[in-house]
Amino acid sequence: MRTDFADLDVTAGAILVLAPRWPTHSTLITNAITFVLDAQSPQGTCETSWTINEASVILRTVDALATAHTRHTHPATPGLPEAVTTPIPLAVARSIARLLDTQNHDGGWSRRPEEDSGTTTRTATA
């Protein structure tokens, strides 16, 4: 019996790995991007699972969405369906807004917004 469920951080990582091989894996990548977009709330948050660091999940999802969007707009690459690419800029903007809203008073971020800073380096790369 399978008890695992899809994980946002892992799915975003898979997009990053598969994106350079777009023609071969276009359906997988399209489905994964749809999963990432659907997982985000209107406030830019998403559920964490084994990756308990919200900012880390945001970093990975923004990287994956930006990579997918860049590949979509490259003239030599067959694009993603418009229904998938249209929401990408809004999703990235929501993620950035979430990071801005959850920065701690000391300038850092934490695993969760209510905790002390401790994950600044990883978050700053988002």
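Remember, it's a predicted structure, so these values are computed and weren't measured experimentally.
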What pair of heavy atoms forms the shortest contact from [X] to [Y], and how long is it?
X      : Y      : result
Val92  : Leu65  : CG2-CB, 4.2 Å
Gly108 : Asp106 : N-OD1, 2.9 Å
Thr85  : Pro89  : O-CD, 3.5 Å

Heavy-atom donor-acceptor pair, [X] side chain to [Y] backbone, under 3.5 Å:
X      : Y     : result
Trp109 : Leu99 : yes
Asn53  : Ser56 : yes
Gln40  : Ala91 : yes
Thr61  : Ile58 : yes

For Thr102, enumerate each residue passing the side chain to side chain donor-acceptor pair (under 3.5 Å) test, keeping only those at least two apart in sequence or located in another chain. none
Note, Ser41 side chain near Arg94 side chain (heavy atom, < 4.5 Å): no
Treating Ile, Leu, Val, Met, Phe, Trp and Tyr as nodes and any side-chain heavy-atom pair under 4.5 angstrom as an edge, say whether Ile96 and Val57 lie in one connected cluster. yes
Short side-chain donor-acceptor distance under 3.5 Å, Thr45 and Gln43: no
Using atom types as modelled, flag every donor-acceptor pair under 3.5 Å from a side chain in residues 26-37 to any protein atom, sequence neighbours excluded.
| residue | atom | partner | partner atom | Å |
| --- | --- | --- | --- | --- |
| Thr30 | OG1 | Ser26 | O | 2.8 |
| Asn31 | ND2 | Thr27 | O | 3.3 |
| Thr34 | OG1 | Thr30 | O | 3.0 |

Partner set under salt bridge (Lys or Arg N to Asp or Glu O under 4.0 Å) for Arg98, not counting sequence neighbours: Glu54
Restricting to pairs with a member in residues 11-39, which pass salt bridge (Lys or Arg N to Asp or Glu O under 4.0 Å), not counting sequence neighbours? none
side-chain contact (heavy atoms from CB on, under 4.5 Å) with Ala39: which residues, sequence neighbours excluded? Leu8
With sequence neighbours left out, the residues meeting side-chain contact (heavy atoms from CB on, under 4.5 Å) with Leu16 are Arg60, Asp63, Ala64, Thr67
